[in-house]
Protein chains: 2
Amino acid sequence: MPTISAEDYLKHILKLQEGEERVSTSALATSLSLADASVTEMLKKLAARGLVRYQPYQGVTLTEKGRGIAVRTLRRHRLWELFLVRHLGYSWDQIHEEAERLEHVTSEALETALDRALGSPQFDPHGDPIPSAEGRVHGGASSALAALRPGAVAKIRRVADVDPELLRHADRLGIVPEASLEVRERLDFDGSLRVRVAGGDRFLSAEVARHIFVELVEERSG
Amino acid sequence: MPTISAEDYLKHILKLQEGEERVSTSALATSLSLADASVTEMLKKLAARGLVRYQPYQGVTLTEKGRGIAVRTLRRHRLWELFLVRHLGYSWDQIHEEAERLEHVTSEALETALDRALGSPQFDPHGDPIPSAEGRVHGGASSALAALRPGAVAKIRRVADVDPELLRHADRLGIVPEASLEVRERLDFDGSLRVRVAGGDRFLSAEVARHIFVELVEERSG
DNA sequence: AGGTATTTTTAGGCAGGGCTAAAAACAATG
DNA sequence: CATTGTTTTTAGCCCTGCCTAAAAATACCT
Ligand SMILES: [Mn+2]
Ligand SMILES: [Mn+2]
Ligand SMILES: [Mn+2]
Ligand SMILES: [Mn+2]
């Protein structure tokens with residue numbers, strides 16, 4: 001059985017691995033808010049357990065076994081997030097911390113029960129894909145709202161779960177997965193946007209727009 | 001914040017404390033399935049944190065602070081047990097182990113959400129009282145079914161959650177909290193009983209009857 | 001290439017929890 | 001009351017994870 005620490009390490013490696021080929025010790029340490037030296041130590045242990053491939057000074061990658069645990073942990077995290085919203089009255093800005101702990105005490109039976117209660121959902125409340133029980137991750141291609149130009153019509157796919165405040169802000173603006181949106185104006189000097197969403201015009205800073213991911217529907221040149 | 005270990009120690013001390021005035025190191029060690037020496041060490045640490053009163057060779061008792069944590073942990077355990085049955089399709093013999101882990105990762109917000117989803121329940125699926133949010137434990141006086149004599153009519157209050165197999169067995173016999181029962185016959189040589197419950201006659205070993213607790217309704221002399 | 005910067009690893013510690021074996025304290029008994 | 005038996009504590013270790021400071025590799029730049 002993997003420990004709580006091991007599950008968190010593997011989950012973070014999985015995320016950092018997206019795109020990049022190898023994950024550096026320091027990137028992982030930053031991501032986990034731990035000292036570099038602590039991460040070096042742990043990587044040696046994870047490698048000994050066959051969960052990662054680790055070469056001193058060369059960073060790490062997940063083995064199949066390690067990826068399996070990482071994906072399963074991510075699945076549990078996202079199932080819990082959705083369950084908290086749907087069945088326990090939570091809002092999407094309060095769920096991350098809870099799921100961060102619940103994911104580590106979820107048996108296969110409980111995972112199955114959550115999945116059934118939710119009707120085998122595909123996405124969590126932030127629009128992040130929930131891996132299947134077999135470990136397949138339904139990676140939907142989406143682009144950052146910050147990259148769209150005026151006239152673009154898009155469907156919101158997900159809002160990055162990086163900070164509760166961002167989520168509350170997005171929510172107040174009507175920016176939630178599945179909503180439709182049109183970019184009305186873009187201020188070149190700071191990259192901020194005016195968008196039409198839920199029947200009203202809203203202003204977004206570039207920083208906020210960078211954390212919202214959409215699927216382009218139509219690129220009307222405004 | 002108390003650790004998982006500390007919460008389990010305090011919970012076990014709370015249970016062992018019922019009736020007895022002080023809890024011995026060895027009783028606690030047995031209850032926790034740990035070596036006596038490990039428990040001695042831990043008791044010194046819990047005492048240092050002000051959670052128990054501990055005098056070498058004299059056993060332990062909970063301080064108010066320690067009792068608070070123990071009762072809160074017990075409340076979370078029992079709320080989870082009921083939640084798993086009511087909302088996630090679990091049966092009462094599968095919930096203890098899950099709750100044993102979930103109880104330690106339950107924030108006050110989550111505890112409140114569970115309580116609300118369940119309508120501030122008084123009892124868990126085994127009939128054990130769920131402490132109130134303020135820490136009051138609704139101790140219902142009940143007696144062991146094993147002690148009843150033929151002719152006694154009683155209402156089942158709880159079934160001890162000591163072993164999944166006992167729970168499955170009781171369930172098949174229709175022995176669940178709130179059910180009514182009448183003792184028909186008692187074999188003196190081994191203490192086993194024949195009882196009428198849910199419209200049928202059932203036989204129970206003395207050992208099983210010792211784990212079923214009832215409230216006497218009427219003592220018809222048979 | 002040579003020297004400076006930046007990573008990364010090693011060394012040495014610490015806290016939390018656990019174990020076994022040996023010593024010490026308490027209890028019981030003739 | 002002295003001896004035997006039962007608890008309980010102490011001593012000495014182990015493992016997991018984390019930290020800081022120092023050393024060693026790797027990268028970068030002139
Ligand atoms: Mn986590
Ligand atoms: Mn999420
Ligand atoms: Mn527990
Ligand atoms: Mn119970």
(Q) I need a per-nucleotide contact map over nucleotides 6-22 of chain C, read 5' to 3'. Cutoff is protein heavy atoms under 4.0 Å; write B for the base, S for backbone only, - otherwise. (A) --BBB------BSBBB-
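Between the side chain of B:Glu20 and the backbone N or O of B:Gln17, no donor-acceptor pair lies under 3.5 Å.
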Indicate every side-chain donor-acceptor pair of residues 161-172 of chain A with a distance under 3.5 Å to a residue at least two apart or in another chain.
residue	atom	partner	partner atom	Å
A:Asp161	OD2	A:His96	ND1	2.9
A:Asp163	OD1	A:Glu165	N	3.0
A:Arg168	NH1	A:Asp93	OD2	2.9

Side-chain polar contacts of residues 39-58 of chain A - donor-acceptor pairs under 3.5 angstrom, sequence neighbours left out - could you list them?
residue	atom	partner	partner atom	Å
A:Thr40	OG1	A:Asp36	O	3.3
A:Arg53	NE	A:Thr61	OG1	3.2
A:Arg53	NH2	A:Leu62	O	2.7

Under 3.5 Å, sequence neighbours excluded: what are the donor-acceptor pairs made by side chains of residues 136-145 of chain A?
none

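The nearest whole Å value for the distance from the CG atom in B:Leu32 to the P atom in D:dT8 is 14 Å. The CG atom of A:Leu28 sits 11 Å away from the P atom of D:dC18 (whole-angstrom rounding).
Residues passing the side chain to side chain donor-acceptor pair (under 3.5 Å) test with A:Thr63: none are found, sequence neighbours excluded. For A:Ala206, the side-chain contact (heavy atoms from CB on, under 4.5 Å) partners at least two apart in sequence or on another chain are A:Arg210. Residues meeting the side-chain contact (heavy atoms from CB on, under 4.5 Å) test with B:Asp188, sequence neighbours left out: B:Arg186. In this view, A:Glu178 and A:Lys155, A:Arg157 satisfy the side-chain contact (heavy atoms from CB on, under 4.5 Å) rule, not counting sequence neighbours. B:His104 is linked by a side-chain contact (heavy atoms from CB on, under 4.5 Å) to B:Ile4, B:Glu7, B:Asp8, B:Thr73, B:Glu100, counting only residues two or more places apart in sequence or in another chain.
The salt bridge (charged side-chain N to carboxylate O under 4.0 Å, His left out) contacts involving residues 103-114 of chain A comprise A:Lys11-A:Glu103, A:Arg75-A:Glu111, A:Arg76-A:Glu111, where partners must be two or more places apart or lie in separate chains.
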N/O-N/O pairs, protein side and nucleotides 3-5 of chain D side, under 3.5 Å:
none

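Only at 4.0 angstrom or more do the heavy atoms of residues 61-71 of chain B sit from any atom of DNA chain C, so none qualifies.
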